[in-house]
Protein chains: 2
Amino acid sequence: MLELAILGLLHGSPLHGYELRQRLKATLGTFRAFSYGSLYPTLRRMKEAGWLCEDDGNAEVVAGAPALTGRRGKVVYKLTAEGKERFQELLAEAGPTSWEDETFGVHFAFFGQTDPEVRVRILEGRRSRLEERREGVRTTLARTRSRLDRYTLQLQEHGLESVEREVRWLTELIETERRSTVPPAVPTPNPEERGAP
Amino acid sequence: MLELAILGLLHGSPLHGYELRQRLKATLGTFRAFSYGSLYPTLRRMKEAGWLCEDDGNAEVVAGAPALTGRRGKVVYKLTAEGKERFQELLAEAGPTSWEDETFGVHFAFFGQTDPEVRVRILEGRRSRLEERREGVRTTLARTRSRLDRYTLQLQEHGLESVEREVRWLTELIETERRSTVPPAVPTPNPEERGAP
DNA sequence: GCGGCGATGTATCGCCGCGATACATCGCCC
DNA sequence: GGGCGATGTATCGCGGCGATACATCGCCGC
């Protein structure tokens, strides 16, 4: 998850750890913080895996930063070719099957780097998982409702509403995505039915 | 966090691991699952700490025979006196300062076991943390809005709305809590019922 | 000039919880 | 009478968090 985020941010421009974290907060801050305690080890791991390498010395490509001259021990990372591959690979993957998994958020943040079909697929995947979850909660809630005390019940219902809200959001997004994917009035007769309803 | 949940559930009646997990899903399922991978180690830790003990009513003396090659019995846990203390202690604590911290949900689920003042304090604490967070997001969002691409922006805004929604929820709860808390020695002459469930 | 202090910057440690996995027993239905 | 799903206990590796430890930089007051 963090891996994907790093790949995505570094896809724009090379960055060093601290800066990376600022970007992380700026782009994903609403649902995830990512402390240094995970950032630095992950960077190291990724470097060892070959997705990243150090961009030392000459690069002044760092955009929008104050007048920094990289003379200190800043370690600037950039993507390798394998890293870019890996990024696309991860982006296109549907992401794990857990409803708690916030990897979706990271996927979503980098939707700009993907094709429309992948976007729709991922949005629908996320929605399905949430719907399963919603049904699960509804079922157990219906079965146990009478035994739950007031607060537990309120908690469950609030949670349920959150899930429902996100499902609605996703549905909107999917529709928008579909609408904007409409083939631009090409005179070609529409021979191909696009998969899932 | 899981510790608090276990304490709370065992406060009702002694349970064994599997059952505990079912309850966990039923009462906290909307925001947390708690796998066995955390449940069993936590139980062990808590037992060692003295909050729990085994509620093994019968037949423990048969230790001599090496013949029991299988036959793992259910391990039923119950709270010790210290465990009950610990529960109250944890319940009354305001819970850590992180906005991601879902310990609040566990607190809330066991509000029935606490006094009204503690409830209000915890609700307000949670709300404060969310408000801080909301302001932080708003600020960075205002500053970086123009540089963010469409999807990132949408993500941030959705997240922001979620936070706002929860703040509203909490505010309602606080008001309800305040209203239903009978202020000591204030003879308000308005006995009208508000139709609270 | 100089001393403090907050922002920038890299890095590690211990803990917690998750998902996967392994293994064993029970009970019900075909 | 046997298969299979629910019940049940337990462990492992890993990803992420919060705290912490150090450095350096740049700006402020004095």
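Protein chains get the first letters and strands the later ones, always in sequence-line order, with residue 1 at the start of each.
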5′-ward residue of the pair B:Gln22/B:Tyr77 relative to DNA chain D
B:Gln22
Which atom pairs, one a donor and one an acceptor, fall under 3.5 Å between side chains of residues 4-20 of chain B and the rest of the protein, sequence neighbours left out?
residue	atom	partner	partner atom	Å
B:His16	NE2	B:Glu19	OE1	3.0

Can you name the residues that form a ring pair (Phe, Tyr, Trp, His ring centres under 6.0 Å) with B:Tyr77, not counting sequence neighbours?
none
Between CZ on residue B:Arg138 and CD on residue B:Glu135, distance to nearest 0.5 Å
5.0 Å
Listed partners of [X] passing side-chain hydrogen bond (donor to acceptor under 3.5 Å, both in side chains), at least two apart:
| X | value |
| --- | --- |
| A:Thr114 | none |
| B:Asp115 | none |
| A:Gln154 | none |
| A:Arg119 | A:Glu177, B:Tyr151 |

Output yes when at least one side-chain N/O atom of A:Arg21 is less than 4.0 Å from OP1 or OP2 of C:dG9, else no.
no
Can you list everything that forms a side chain to side chain contact (heavy atoms under 4.5 Å, CB included) with B:Arg165? Sequence neighbours excluded, please.
A:His158, A:Glu161, A:Ser162, A:Arg165, B:Arg168
Which of D:dG16, C:dT8, D:dT9 is nearest the side chain of B:Val75? It is D:dT9
Looking only at D:dG16, D:dC17, C:dC18, the nucleotide nearest the A:Ser35 side chain is D:dC17
Its dot-bracket string being built from Watson-Crick and G-U pairs below 3.5 Å, with | for another strand and [ ] for crossing, DNA chain D has the pattern ||||||||||||||||||||||||||||||
Under 4.0 Å between any heavy atoms, over every strand shown, what does A:Tyr36 touch: base, sugar-phosphate, or nothing? Just pick one.
base
Within residues 37-51 of chain A, which residues have any heavy atom lying less than 4.0 Å from an atom of DNA chain C?
A:Gly37, A:Tyr40, A:Pro41, A:Arg44
